[in-house]
Amino acid sequence: MKYSLITPCKPAEYPQLLSLKHNLDRQNTHDFEWIIALNGQIDFSQPAWQADYTIQQVDHTPATLGAARNAAMALATGDWLVFVDSDDYLLPNALADLDAIDRLHPDVLGDLNQFPTYEPHSSFKNSLEQTNVHDSLPKWGGAKKREPKNRSLNLPPELFDQLPAQIDVDPETANWLSHRYFYIDGDQRWDLFNRQLKIAGKVINRRLVEKHHLQFAEDRELYPDFHFMTQVMSHTTGYLRLSEPSYIRVKHNDPINQPAVHQLTAPDRWQQRIAAWQDALADLKDPALHLAFGTYTLQRLHRFFYQALATSTPTEVDDVPALIKQLHDYLQMVEPAAFKTVPHLSRRILHKLRRRAQTPQTAINVIVRLRQLNRVIHHHGRGVTRLAYGWWFTKMPVKPRTILYESFLGRNFSDSPKAIYNYLQANYPGRFKHVWIMNPGVEETPAGQPNTTVVKRFGWRYMYYLATAKFQVINMRQPKWFVKRPGTKFLATWHGTPLKHLVFDMDNVASANPLYKEIFYEQSRQWDYLVTANQFSVDVFEHAFMYPVKQMLPSGYPRNDILSAPDRDEQAKQIKLKLGIPLDKKIILYAPTWRDDDYYGVGDYKFTLKLDIDRLRRELGDEYVLVLRTHYFITEHLDTTGFGDFVYNESSYDDISELYLIADVLITDYSSVFFDYAILKRPILYFVYDYEKYGSVLRGFYLNMEKDLPGPLLKTNDDVLAALHDLPTVTKNYAAAYQRFSERFNNWEDGHATQRVVDAFFNEDLTN
Ligand code: C2G
C-alpha cells in the first residue's frame with residue numbers, strides 16, 4: 001500500500017465526508033487506504049460507501065483534532081501518510097502526480113500544494129472531477145509571489161531514473177519533472193517555512209513518524225500540530241511539492257454558522273497559541289530550524305500587535321497580564337537574531353517584553369499610539385477623520401432631533417430614505433434636522449431645502465453626524481467601524497425585494513470580501529428595524545440575514561408610494577419634460593442588474609451591453625425611446641453616442657422610481673426593479689441572455705423564474721423585439737401570472753408605506 005489518507009472528522013461534518021469520498025473515487029491511482037477518525041458510526045454497507053480501496057473508521061478520545069489524527073495514524077499501513085481534511089478536495093491527479101516521491105530518500109516532506117479557495121460552487125466542484133482542471137482554477141497570485149527567488153530547480157537525480165507510469169508525460173517536454181515538482185533542501189527550505197507548517201495536504205513517510213514517535217498534541221483544542229510539524233521538519237532533509245496545486249483547501253466564508261477552527265471565538269487563543277509555540281520550540285535542536293520557527297512566531301506577533309491592538313476592532317484577549325507574562329517567558333526562548341526580522345516598532349515592544357515581564361503595558365500603549373499615527377499617515381485624510389470619529393465624536397452627546405440619511409452609498413438622493421425625508425418635511429416641518437450623506441459631484445441633492453445639511457461621505461462632518469445623530473436611515477449598510485451608541489436608532493430600509501440569493505443563502509462570494517458574511521451579520525445586529533415590502537421578504541430576510549422577524553416592519557416600501565400617488569400621471573409628464581423626452585413618445589426602460597463575474601476588481605463592476613440598441617432603434621424608433629439605466633455598482637459609463645435621440649442614458653439619474661413612472665414597458669433581468677415596477681401593472685420583459693449561468697453558477701434565485709414572473713423570459717434580441725412588437729399579446733398571456741404576482745408581492749403597497757414606517761420608527765419622537 002502506497003498511501004494512507006488521514007482524515008479527522010467531527011460528527012457534524014459527516015455529510016462533507018461523502019463528498020470527499022466521491023472525490024477520492026476519482027483519483028487516478030487507487031493505491032491507497034483511507035482512515036477516517038470519527039466518533040460515530042459509518043454504515044459501510046451503504047452503496048455510497050462502496051469503494052475499491054480500503055476505508056476504515058476509528059474512534060478517539062479525547063475528542064480533539066490531535067487525538068483524531070493520532071488514532072488514524074496508529075492504524076495506517078501505507079508507506080506515506082497523506083493528511084486530508086474532511087471538507088477539502090484532492091484533484092484527481094493529486095496522488096498519481098506524487099508518484100515519484102518514492103524515488104527520493106524517505107525523509108522528504110511531501111506537499112500536494114494547497115490551493116485555498118472559498119466554498120466552491122457547483123460548477124467548480126464538477127470541474128474537480130476532470131483530469132486537467134488547472135486551467136479552470138481561478139488565478140491565485142499569492143502562492144507564486146511568496147516563492148523565494150533562489151529556488152532550486154536542480155532536482156535530485158533519483159527523480160529522473162524512471163518516469164512514473166500513471167503520469168501522462170508530454171515527450172516534447174524534456175524537463176517535465178522540473179515543471180511538475182518543486183524541490184528544495186538544506187537551510188534554504190526554511191525560506192518556505194510558513195507553507196511547510198500547515199498539515200493539510202502534507203505527505204510524510206510513515207516509518208519516519210514511527211521511528212521518532214511523532215504525535216499530535218492531544219490535549220489542545222487549538223494548534224495541536226505545531227509540535228508535530230516542526231518535528232517532522234527537523235527529521236526531514238528535503239521538501240518536495242507538486243508545482244501545480246492539487247489540494248483544494250476550502251476556506252470558510254461563513255464564520256457565523258460554520259466557523260473554521262481558526263475562526264472559533266476563544267479569548268485565550270493567543271495563550272493557547274504561545275503555549276503550543278513553547279512546546280514546539282523547546283524540542284527543536286537544529287539551530288537553523290530553531291531560528292526559522294522563532295522568526296515565524298515573531299512575525300505572527302508583529303501582525304498581532306498591528307491587527308489586534310492597533311485597530312479599532314476589540315481585542316479577543318481575556319487576560320492581558322497573563323498573556324504578557326507568557327510572552328515574556330516565550331521570548332526568552334527565541335533566538336536573538338529572529339528579532340532583527342521584525343519591523344521596527346514591533347521589535348521594540350518585543351524587546352521590552354523579553355526583558356521585563358511586569359511593565360510592558362506602557363510600552364504596548366506607546367506602540368499602539370505610534371501605530372495609530374502611522375495609520376493616519378498612510379491613510380491620509382480618511383484615517384484622520386476616522387480616528388476623530390472613534391476618539392472624539394463618539395464621545396460627544398447624541399443629538400436627539402438629528403436624522404442622518406444615506407441612499408446607495410451616497411451615490412444619489414433617492415429610494416426609501418428620500419421618501420421618508422420628504423414625508424417628514426411635509427408633515428413634521430421644523431421638527432428635525434436632516435443630514436444627507438452625498439458623494440462629491442452628485443448633481444441632484446436636497447441642499448438648500450429647509451433644515452437640511454448635505455455632508456460629504458467620509459468627510460469631517462460626516463464623521464461628526466455619524467457619531468452624534470440619534471436617527472440613521474440607510475438603505476444599504478453602515479461602515480464596518482460604525483459604533484452603535486446607546487440611545488440611537490437605526491432604520492435599515494434595504495433596497496429591494498430579494499430575488500437573488502443573499503448573504504447566508506449564498507454559497508460563494510468570490511467577488512466580495514472573504515469575511516462578507518461575518519461583517520454583514522455584525523452590521524445587521526446594529527439595525528433596530530428593517531423595512532420589508534412584503535411577507536415574502538420577511539421570510540427570506542429571516543434566513544438570508546438571520547435577522548429577527550420581530551424587528552422587521554411589515555410596511556411596504558416607502559420608495560414605492562409615489563407609484564400609487566393620485567397625481568402620478570401629472571408627475572410623469574413633468575419628469576418627461578425635465579428629461580427632454582418628447583411627450584408623444586412611448587418609453588422602454590432597460591434596467592439590468594450587475595453580474596458577480598463581470599468586474600474589474602473587488603466592488604468595481606462593469607457591464608457588457610447585450611441588448612441590440614441599433615436594431616431596437618431601427619424597428620421601434622418611430623414610436624419609442626429607450627431609457628437605459630445601469631445598476632449603481634457599474635462604474636463605467638456606457639457609450640451610447642451614435643444612437644441619436646433614441647437613447648437616454650439615465651444611469652446617474654437620482655431616483656429610478658421616477659423612471660418607472662414614465663416607462664410604458666420595462667426590460668430587466670435579475671434585478672429586483674420589477675417587483676416595484678409591477679405596482680404600475682405595466683408590461684415587463686426579462687432579457688436573460690445568460691440565464692443558465694446566472695441562475696446556477698453565479699447566484700441562484702428565491703423565485704421560480706419560469707413560473708412566478710409576471711412576464712416572459714427572453715434569451716435573444718429576436719425574442720425581445722418580437723415581444724415589443726406585440727405587447728398586447730404579452731399582456732394577455734401573462735394576465736393571470738401578473739395577478740398572482742401582484743397578490744404575492746405587492747399587496748402591502750397602497751401608497752401609505754412611508755407613513756407606517758415613520759410612525760413605527762420615530763414613534764414618540766414625533767410628538768415629544
Ligand atoms: N437599481 C437601479 N437601477 C438598476 C438596477 C437596480 O436603480 N439598473 C436599484 C433599484 O432600486 C433596485 C435596487 O437598485 O431595487 C437593487 O438592485 P438589484 O438589481 O435588485 O440588485 P442588488 O443591488 O444586488 O440588490 O434585496 C435586494 C436585491 O436582491 C439585492
Side-chain angles (χ1 to χ4, degrees), residues 406-409 411-419 444 474-477 492-506 509 511-512 516 520 524 530-534 536-545 547 552 556-560 562-563 588-599 603 605-607 609 611 626-638 648-661 663 666-679 684 686-688 694-695 698-703 705 709 745-746 749:
E406 185 184 85
S407 177
F408 296 117
L409 311 168
R411 281 175 213 185
N412 41 46
F413 173 50
S414 65
D415 212 67
S416 294
K418 174 182 170 184
E444 197 84 25
I474 291 186
N475 84 340
M476 287 181 70
R477 291 186 285 151
T493 68
W494 200 240
H495 52 274
T497 293
L499 170 69
K500 302 163 278 187
H501 284 175
L502 291 169
V503 201
F504 288 103
D505 295 337
M506 282 162 85
V509 272
S511 58
Y516 175 67
F520 195 104
S524 51
L530 171 62
V531 176
T532 53
N534 37 49
F536 172 83
S537 298
V538 172
D539 298 340
V540 170
F541 291 153
E542 190 183 7
H543 49 87
F545 293 175
Y547 192 81
M552 294 188 209
Y557 268 148
R559 69 179 185 186
N560 288 337
I562 182 183
L563 304 178
I588 304 166
L589 172 62
Y590 181 42
T593 194
W594 55 293
R595 304 288 187 280
D596 300 60
D597 66 341
D598 209 5
Y599 58 93
Y605 297 90
K606 55 184 176 174
F607 185 74
L609 197 58
L611 192 68
L626 180 80
V627 170
L628 173 68
R629 164 76 173 198
T630 54
H631 188 269
Y632 53 89
F633 275 176
I634 311 295
T635 40
E636 68 189 338
H637 184 80
L638 294 181
Y648 291 75
N649 189 347
E650 297 301 339
S651 295
S652 48
Y653 189 75
D654 62 331
D655 203 344
I656 194 169
S657 321
E658 297 186 359
L659 302 179
Y660 300 150
L661 263 192
L666 169 73
I667 306 178
T668 183
D669 44 27
Y670 326 102
S671 177
S672 61
V673 295
F674 65 86
F675 290 104
D676 310 74
Y677 187 75
I679 295 171
I684 302 174
Y686 296 83
F687 183 37
V688 288
Y694 198 96
L698 293 181
R699 282 288 188 107
F701 302 112
Y702 291 116
L703 261 59
M705 296 286 279
L709 298 184
F745 297 104
N746 285 336
E749 303 280 16

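Whatever order the structure lists ligands and atoms in, that order sets their numbers, starting from 1. These numbers come from a predicted model, not from an experiment.
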Which atoms of ligand 1 sit under 4.0 Å from any heavy atom of [X]?
X    : value
A591 : 8 (N)
R559 : 11 (O), 15 (O)
S671 : 5 (C), 6 (C), 17 (O), 18 (P), 19 (O), 20 (O)
T593 : 18 (P), 19 (O), 21 (O)
P498 : 26 (O), 29 (O)
I656 : 2 (C), 3 (N), 7 (O), 11 (O)
W494 : 26 (O), 27 (C)
S672 : 12 (C), 15 (O), 16 (C), 17 (O), 18 (P), 19 (O), 20 (O)

Looking at ligand 1, would F675 count as a contact under a 4.0 Å heavy-atom criterion?
no
Residue-level breakdown please: for T630 versus ligand 1, do any non-hydrogen atoms fall below 4.0 Å on the side chain, on the backbone, on both, or on neither?
backbone
Please work out, at 4.0 Å between heavy atoms, whether the side chain, the backbone, both, or neither of Y670 comes within that distance of ligand 1.
neither
Hey, do the aromatic rings of F541 and Y547 have their centres closer than 6.0 Å?
no
Sub-6.0 Å ring centroid separation between Y653 and Y648:
no
Is it the case that ligand 1 has an N or O less than 3.5 angstrom from some N or O of [X]?
X    : answer
F408 : no
Y660 : no
D676 : no
P592 : yes

Out of Y632, F545, Y590, who is nearest to atom 14 (O) of ligand 1 when you count heavy atoms only?
Y632
I588 and its side-chain contact (heavy atoms from CB on, under 4.5 Å) partner, picked from L666, V627, L626, L628
L626
Side chain to side chain donor-acceptor pair (under 3.5 Å) with Y702: which residues, sequence neighbours excluded?
D505
Between F408 and H495, what is the ring plane arrangement, given parallel below 30°, perpendicular above 60°, and tilted in between?
perpendicular
Would you call the rings of W594 and H631 parallel, tilted or perpendicular if under 30° counts as parallel and over 60° as perpendicular?
tilted
SB check K418 E444 (cutoff 4.0 Å):
no
Check: F413 main-chain N/O paired with D655 side-chain donor or acceptor under 3.5 Å:
no
Apply salt bridge (charged side-chain N to carboxylate O under 4.0 Å, His left out) to R559 and list each qualifying residue two or more places apart in sequence or on a separate chain.
D415, D676
Can you see whether T532 engages S537 through a side-chain donor-acceptor pair at a distance of less than 3.5 angstrom?
no
